[in-house]
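Proteins come first, then strands; the chains are lettered A, B, ... in the order of their sequence lines, and each starts at number 1. This one's a predicted model, so the numbers in the text were calculated from it and none came from an experiment.
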Amino acid sequence: MRRQWEPAMRVAEQAGCVVSASRAGQPEAGLWSCSGVILSRSPGLVLCHGGIFTPFLRAGSRVLTEAGASFLPGDSCGDDLRLHVQWGPTAASPLGRVERGRPGLCTPQC
Amino acid sequence: AGLEPSPPARHRGPPLEPPHPAELLLLLSCPDFRAHFASLFGSEAAEQWRFASAAREEEVSEDEEEDQLRALSWFALLRVRHGLEEEADLRGPALAVVPLGTVPKGTPLLACGSPFGSFCPDIFLNTLSRGVLSNTAGPLLLTDARCLPGTEGGGVFAVRPAGALVALVAAPLCWKAHEWVGLTLLCAAAPLLRAARDALRSLHPNTTSLAALLPPELGAPWALPLQDPGPLWAAAAVLVEYGTVWGSGVVVAPRLVVTCRHVAPREMARVLVRPTTPKSAKIWGHVVFATRETSPYDIAVVSLEKELEGVHMPVPTEHFHEGETVSVVGFGVFGQACGPSVTSGILSAVVQVDDTPVMLQTTCAVHGGSSGGPLFSTSSGDLLGIVASNTRDNNTGATYPHLNFSIPITVLQPALQRYSQTGDLGGLRELDHVAEPVRVVWRLQRPLAETPRSKL
C-alpha cells in the first residue's frame, strides 16, 4: 500500500511550504501563517490560503464578499505586509536550521 | 518569536531552508466555489456551521471569525524572488493539475500541510494526511483526510497519476451544530488556477508572462468527465425521507431497501426513496417491517412501489476481517443538498456473542443523517453492515464521528432473503427477540460473563 502512495508523497512534500505574514517593524503585533503549494520554481510562484491577509487589507475584509470580486491586486494589502515562505530541504541543501519559538503549543499526555 | 539560526540537527531529516521573503501578486477566489459554499452552508444552516481559523497566536474574536469566514474561499498567489530557482533542477517533474469533475468519490487523496502554520516548521512542515474524496459540489470538495488549523492552503494530491494536484485546503475543521464533522473543506485546484491565469493576464502587462508558468491541467484520459461519480457499490446508497425526517438506506433487492427504524419508524408508513442515480428519480415505498424500540437492532425494511433500475445490487459478505479498509456511504451532513458522502476507515472491531458477530465498529467519519446507510468492504465492495449510530460522550456532550456502530449484514441477510422470496416476515420478527447478551452489547455494557447468582 505504501508503495502506491510513495510517488504522491514525494511530490506533495516537495511542493509543500508554509507562508507567514507579519507587519514590518512590529513582529510582536502578531504572526499569521498557513500552508501553501509551490507552483513553479523558476520564477518562484506559491499558492496559499488568503485568510492570513485579512488583517492587512486596506479596505477591510468586506472587500472579499463584494459581489463579483474574484481577484484583488497585490496592492490591496498595506505596504507594511511582510511575507516569508519556508519549504522543506532538498537532500542536497546544506543550510543551517532555523529555530522558532513555539508559543501556545504543548504536548499533553493522552 | 525571533529567528535564531542554530546548529542542532533537525528532527526530521536534513536542515530546513530559512524562510525567504515573498511578495503578494494577487488574491483570488473561485466564484463557483463561493456559490456552492453559500448554497450548502449559507441561509438557515449558517448558524449551525463553524470553520476553524487560520493558525494565529491569540484567541479569535467574533469579528475575526467573520473575517475568516469571508476569506475562507480566498487564496493568494505569491512570488518568491530567491531560493526556489537554485533548486529548480533538484526537484522532480513540474506539478500537474487534475481537471475538475474527473476524480470520483472514494478516490484516495493525500493532503500535505503544516499544522499550526509557521509555529513549528521543524516538527510540522509538510505533514501528510490520507483520506478519500468524500463529496463534491462543483469546485467545493470534501475529504475525510484529517487536517488541522494551519494547513489552510495546503495541497491535496491524487495517488494516480502520482502527485497530481487535486485541490487546496480551504477549511480544515468543520463543526455542524457543535458536532465535529471530521471532514475537510477543499477548493478544487483547476478552477482556482484558471482564475489565477485570467487575473494575471488582466492585472498587469509584466505579470502576463507568469500565467504561462502555472501548472497545466492534465490532458486525456484524465480530462474525461466522470460517467459514474463514484465506486460501483456506492450507488446502492439511497436517501430515505419520512415526513421531515431523512436518513440513509441501502438497496438490497430491486424492490427492497433497508434503513434504520429511527429513520422510518412505523410499519405501513409511506416513505420516499431517492436513489443516487438517476439523480432525479424518486420512488415511493412503504415500511413492511420495523423492529420494536426494545430491539437492539435499529432496523426497518421498505418495499418499493416499483423496481429500482440500473443500481448495482450489493453482495452481502459472510465474513468480517478486523483491520480491513472499509467505506461508509451516507447522506450525513448534507442530506438532500448533494449526493451521498463516502468516508473511509478500517473495521476497528467485530463484537461477537457466542461466536456470532452482533456489532461492527469502524473509524470512518459518520454523521447525523448517515444512519441506515451501507458499510462496505473497500477492497471487495461487499456489503458488511448497516450504519446505526456514532458516539456521544454524555458527560462532555462531545460527539465522536470516528467511532460508530453498524449491524452486521449476517444478522439480517437470512431474514431478508426469506422475506424477498416468500413475503414471510417471520425471520425479521425474530429481530425483536434477541438474547440478553446481545442487548447488553448494544447498550454498550460489558457482556455478562455469567448470569449473576442470587444471594439468597
Side-chain angles (χ1 to χ4, degrees), chain A residues 4-5 7-9 11-16 18 20 30 32-54 61 64-65 70-74 76-77 81 83-93 95-105, chain B residues 1 3-6 10 14-22 24-29 31 54-57 67-68 70-71 74-78 80 84-85 87-88 90-91 95 110 112-114 117-121 125-126 128 151-155 157 159 162-163 195 199 203 213-215:
Chain A
Q4 172 196 359
W5 290 83
M9 285 163 60
V11 171
E13 287 176 325
Q14 287 181 1
V18 69
S20 51
W32 291 265
S33 58
C34 68
S35 302
V37 180
I38 299 169
L39 299 177
S40 153
R41 292 182 179 281
S42 173
L45 291 176
V46 167
L47 190 59
C48 73
H49 197 266
I52 63 172
F53 297 92
T54 47
S61 68
L64 299 177
T65 46
S70 69
F71 73 86
L72 296 168
S76 309
C77 288
L81 167 64
L83 285 175
H84 284 86
V85 177
Q86 191 165 22
W87 53 85
T90 47
S93 63
L95 290 160
R97 185 176 79 90
V98 173
E99 174 68 31
R100 274 189 173 252
R102 296 198 175 91
L105 273 185
Chain B
L3 302 183
E4 301 131 25
S6 70
R10 188 173 168 245
L16 268 191
E17 287 280 321
H20 289 261
L24 175 62
L25 288 175
L26 52 90
L27 287 166
L28 66 143
S29 166
R56 197 169 180 280
E57 289 143 2
D67 281 354
Q68 275 149 19
R70 286 193 191 111
W74 282 80
F75 294 82
L77 188 63
L78 317 181
V80 182
L84 281 170
E85 310 205 3
E87 295 182 3
L90 288 176
R91 306 270 180 159
L95 218 49
L110 183 72
C112 179
S114 304
S118 65
F119 281 165
C120 298
L125 181 76
N126 294 343
L128 299 171
T151 59
E152 296 87 345
F157 301 83
V159 180
L203 201 61
L213 297 170
L214 297 179

Participant: What option among B/Pro21, B/Ala195, B/Ala199, B/Gly153 has the most heavy-atom pairs under 4.5 Å with chain A?
Facilitator: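 When all of B/Pro21, B/Ala195, B/Ala199, B/Gly153 are compared, B/Gly153 has the most.
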Participant: What part of A/Thr54 is in contact with chain B, defined as an atom under 4.5 angstrom from a non-hydrogen atom: side chain, backbone, both or neither?
Facilitator: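 For A/Thr54, side-chain heavy atoms alone lie under 4.5 Å from chain B.
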Participant: Rounded to the nearest 0.5 Å, how far apart are CD1 of A/Ile52 and CG of B/Leu24?
Facilitator: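 A/Ile52 atom CD1 to B/Leu24 atom CG measures 9.0 Å (nearest 0.5 Å).
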Participant: Any side-chain heavy atom of B/Leu128 sitting closer than 4.5 Å to one from A/Met9?
Facilitator: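 Side chain of B/Leu128 against side chain of A/Met9, heavy atoms only: contact under 4.5 Å found.
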Participant: Specify the closest pair of heavy atoms between B/Val159 and A/Ala8, including all atoms of both residues, with the distance to one decimal.
Facilitator: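 Looking at all heavy atoms of both residues, the closest pair is CA-CB, 4.1 Å.
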Participant: With only heavy atoms counted, which part of A/Cys77 is less than 4.5 Å from chain B, the side chain, the backbone, both or neither?
Facilitator: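 Contact with chain B involves the side chain of A/Cys77 alone.
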Participant: Go through it in stages, so that I can follow the logic: the residues are B/Leu214 and A/Leu47, the test is side-chain contact (heavy atoms from CB on, under 4.5 Å), and I'd like the CA-CA distance, side-chain angles, deciding distance and then a yes or no.
Facilitator: CA-CA 10 Å; B/Leu214 297 179; A/Leu47 190 59; over 6 Å; no
Participant: Minimum heavy-atom separation for A/His49 to B/Ala71, with atom names?
Facilitator: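 For A/His49 versus B/Ala71, the nearest heavy atoms are CE1-O, 3.5 Å.
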Participant: Count the heavy-atom pairs under 4.5 Å between each of A/Val46, A/Thr65, A/Val18 and chain B, then report the option with the highest count.
Facilitator: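 Option with the top pair count is A/Val46.
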Participant: Nearest 0.5 Å please: distance from the NE2 atom of A/His84 over to the CG atom of B/Leu78.
Facilitator: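 So the gap between those two atoms works out to 12.0 Å.
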Participant: Rounded to the nearest 0.5 Å, how far apart are SG of A/Cys48 and CH2 of B/Trp74?
Facilitator: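 A/Cys48 SG to B/Trp74 CH2: 13.5 Å, rounded to 0.5 Å.
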Participant: What is the minimum heavy-atom distance between B/Gly154 and A/Val37, and which atoms define it?
Facilitator: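 Taking every non-hydrogen atom into account, C-CG2, 4.0 Å.
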Participant: What is the distance from atom CZ of B/Phe75 to atom SG of A/Cys34, rounded to the nearest 0.5 Å?
Facilitator: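 Going from the CZ atom of B/Phe75 to the SG atom of A/Cys34 covers 9.5 Å.
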Participant: List in chain and number order the residues that pass ring-ring contact (aromatic ring centres under 6.0 Å, His included) with B/Phe157, two or more places apart in sequence or in another chain; answer none if no residue qualifies.
Facilitator: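 Result, ring-ring contact (aromatic ring centres under 6.0 Å, His included) vs B/Phe157: none returned.
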Participant: Given the options B/Ala162, B/Ala76, B/Ser29, which has more heavy-atom pairs under 4.5 Å with chain A than any of the others?
Facilitator: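 Maximum pair count with chain A is reached by B/Ala76.
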Participant: Is a donor on one side and an acceptor on the other found under 3.5 Å between the side chain of A/Ser35 and the backbone of B/Ser114?
Facilitator: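 Pair found, side chain donor or acceptor close to backbone of B/Ser114.
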Participant: List the atom of B/Ala22, the atom of A/Val85, and the distance in Å for their closest heavy-atom pair.
Facilitator: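 Minimum heavy-atom separation between B/Ala22 and A/Val85: CB-CG2, 3.7 Å.
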Participant: Which heavy-atom pair separates A/Ala12 from B/Cys112 by the least distance, and what is that distance?
Facilitator: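 Minimum heavy-atom separation between A/Ala12 and B/Cys112: O-SG, 3.4 Å.
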Participant: With heavy-atom distances below 4.5 Å as the criterion, would you say the side chains of B/Leu110 and A/Val11 are in contact?
Facilitator: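 No. Closest side-chain heavy atoms not under 4.5 Å.
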Participant: In chain order, what residues pass the side-chain hydrogen bond (donor to acceptor under 3.5 Å, both in side chains) check against A/Ser40, with sequence neighbours excluded?
Facilitator: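 Listed in chain order: nothing, the list is empty.
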Participant: Got A/Phe71 and B/Leu203 here, is their nearest side-chain heavy-atom distance under 4.5 Å?
Facilitator: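 With C-beta onward as the side chain, the pair touches.
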Participant: Check A/Ala15 against B/Leu95 and note the closest heavy-atom contact, atom names and distance.
Facilitator: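 Answer, listing the atom of A/Ala15 first, then B/Leu95: CB-CD1, 4.1 Å.
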